Amino acid sequence: KNQVEQSPQSLIILEGKNCTLQCNYTVSPFSNLRWYKQDTGRGPVSLTIMTFSENTKSNGRYTATLDADTKQSSLHITASQLSDSASYICVVSRSGGYNKLIFGAGTRLAVHP
Amino acid sequence: EAGVAQSPRYKIIEKRQSVAFWCNPISGHATLYWYQQILGQGPKLLIQFQNNGVVDDSQLPKDRFSAERLKGVDSTLKIQPAKLEDSAVYLCASSLGLAGLGETQYFGPGTRLLVL
């Protein structure tokens, strides 16, 4: 079954600290993987998108990694800020047809001062 | 460039009533998506349009939900009659081409629906 599992469900860190969010998927065949940031009350915003051949991609303080062999991805946030408080959603595209997007449930991150 | 617009932002109705949501995608975007997001969960695709044709509506509860995209631009999503479990945020998104092939998806702010 094509699934995307994210961990932890929720996380609390102090401002300035680093954190890593995990995404494991069973989607096959794989096309691409993206991470979205969703602020409370807003729609998701794309952070990064990676294809099979890419294993690292950065967007400012956000760095995503992809291991297509183990079907795992991580999102690392460096020097967290209060504005990083949001849900982070991992989305995997299944190759074939129109390449359906399969969404994870998200990790809820709270950054405290 | 203007983003994806949705209205209304909030809606409260009683069960068995009808409701409609409107979405205006980014100009020139061929692909339009409607998602349902229940609190604490990731978005679930209800229907995906490519221009004014339906690409995927496999998870749309067709006995009560309907959607159309006239002239391949604006779209409306309707629920008739609403049930308590329809309480959720309804997100509209658009992309230039198919997001599954690597195109960036742009989401609107969503419509929060509460069914009492």
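Letters go in sequence order (proteins before strands), and every chain restarts at 1. Below, all heavy atoms of this structure are taken into account, side chains as well, without hydrogens, waters or symmetry copies. The structure presented is a predicted model; accordingly, all values stated were derived computationally and were not measured.
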> Under a 4.5 Å cut-off applied to non-hydrogen side-chain atoms, are A:Lys100 and B:Ser58 in contact?
Replying inline: yes
> Is the number of heavy atoms from other residues, nucleotides or ligands within 6.0 Å of CZ (A:Arg108) greater than 12?
Replying inline: yes
> If every non-hydrogen atom of A:Ile89 is compared with every non-hydrogen atom of B:Pro43, which pair is closest and at what distance?
Replying inline: CD1-CD, 3.9 Å
> Contact part of B:Gln41 toward chain A, heavy-atom cut-off under 4.5 Å: side chain, backbone, both or neither?
Replying inline: backbone
>> Need one label for B:Tyr35: side chain, backbone, both or neither, based on atoms under 4.5 Å from any heavy atom in chain A.
In response: side chain
>> Quick check on B:Lys11: does its NZ atom have over 12 non-hydrogen neighbours (other residues, nucleotides or ligands) under 6.0 Å away?
In response: no
> Would you find more than 12 non-hydrogen atoms of other residues, nucleotides or ligands less than 6.0 Å from B:Gln80 atom CD?
Replying inline: no
> Do the side chains of B:Leu32 and B:Phe65 join up, straight or via other hydrophobic residues, at under 4.5 Å, putting them in one cluster?
Replying inline: yes
> In terms of heavy-atom proximity below 4.5 Å to chain A, should B:Gln37 be classed as side chain, backbone, both, or neither?
Replying inline: side chain
>> So which residue, B:Arg9, B:Lys44, B:Gln105, ends up with the most heavy-atom pairs under 4.5 Å with chain A?
In response: B:Gln105
> Given a strict heavy-atom distance threshold of 4.5 Å, which part of A:Gln6 is in contact with chain B: side chain, backbone, both, or neither?
Replying inline: neither
> To the nearest 0.5 Å, how far apart are CG in B:Leu45 and CG in A:Leu101?
Replying inline: 8.0 Å
>> Please tell me whether B:Leu39 and B:Leu46 are part of a single hydrophobic cluster in this structure, the criterion being side-chain heavy atoms less than 4.5 Å apart.
In response: no
> In residues 13-37 of chain A, which residues are in contact with chain B at a heavy-atom separation under 4.5 Å?
Replying inline: A:Ser31, A:Asn32, A:Arg34, A:Tyr36
>> Applying a strict under-4.5 Å side-chain criterion to I, L, V, M, F, W and Y, I'd like to know whether A:Met50 and B:Leu98 cluster together.
In response: no
> Which region of B:Gln6, side chain (C-beta onward) or backbone (N, CA, C, O), has a non-hydrogen atom less than 4.5 Å from a non-hydrogen atom of chain A, or is it both or neither?
Replying inline: neither
> Would B:Val115 end up clustered with B:Tyr90 when hydrophobic side chains under 4.5 Å apart are linked, directly or stepwise?
Replying inline: yes
> Would you find more than 12 non-hydrogen atoms of other residues, nucleotides or ligands less than 6.0 Å from B:Glu85 atom CD?
Replying inline: yes
>> For the OH atom of B:Tyr106 and the OG atom of A:Ser46, what is their distance to the nearest 0.5 Å?
In response: 8.0 Å
> Shared ILVMFWY cluster between A:Phe103 and B:Leu91, side chains joined below 4.5 angstrom?
Replying inline: yes
>> Does B:Lys62, at its NZ atom, have more than 12 non-hydrogen atoms belonging to other residues, nucleotides or ligands within less than 6.0 Å?
In response: yes
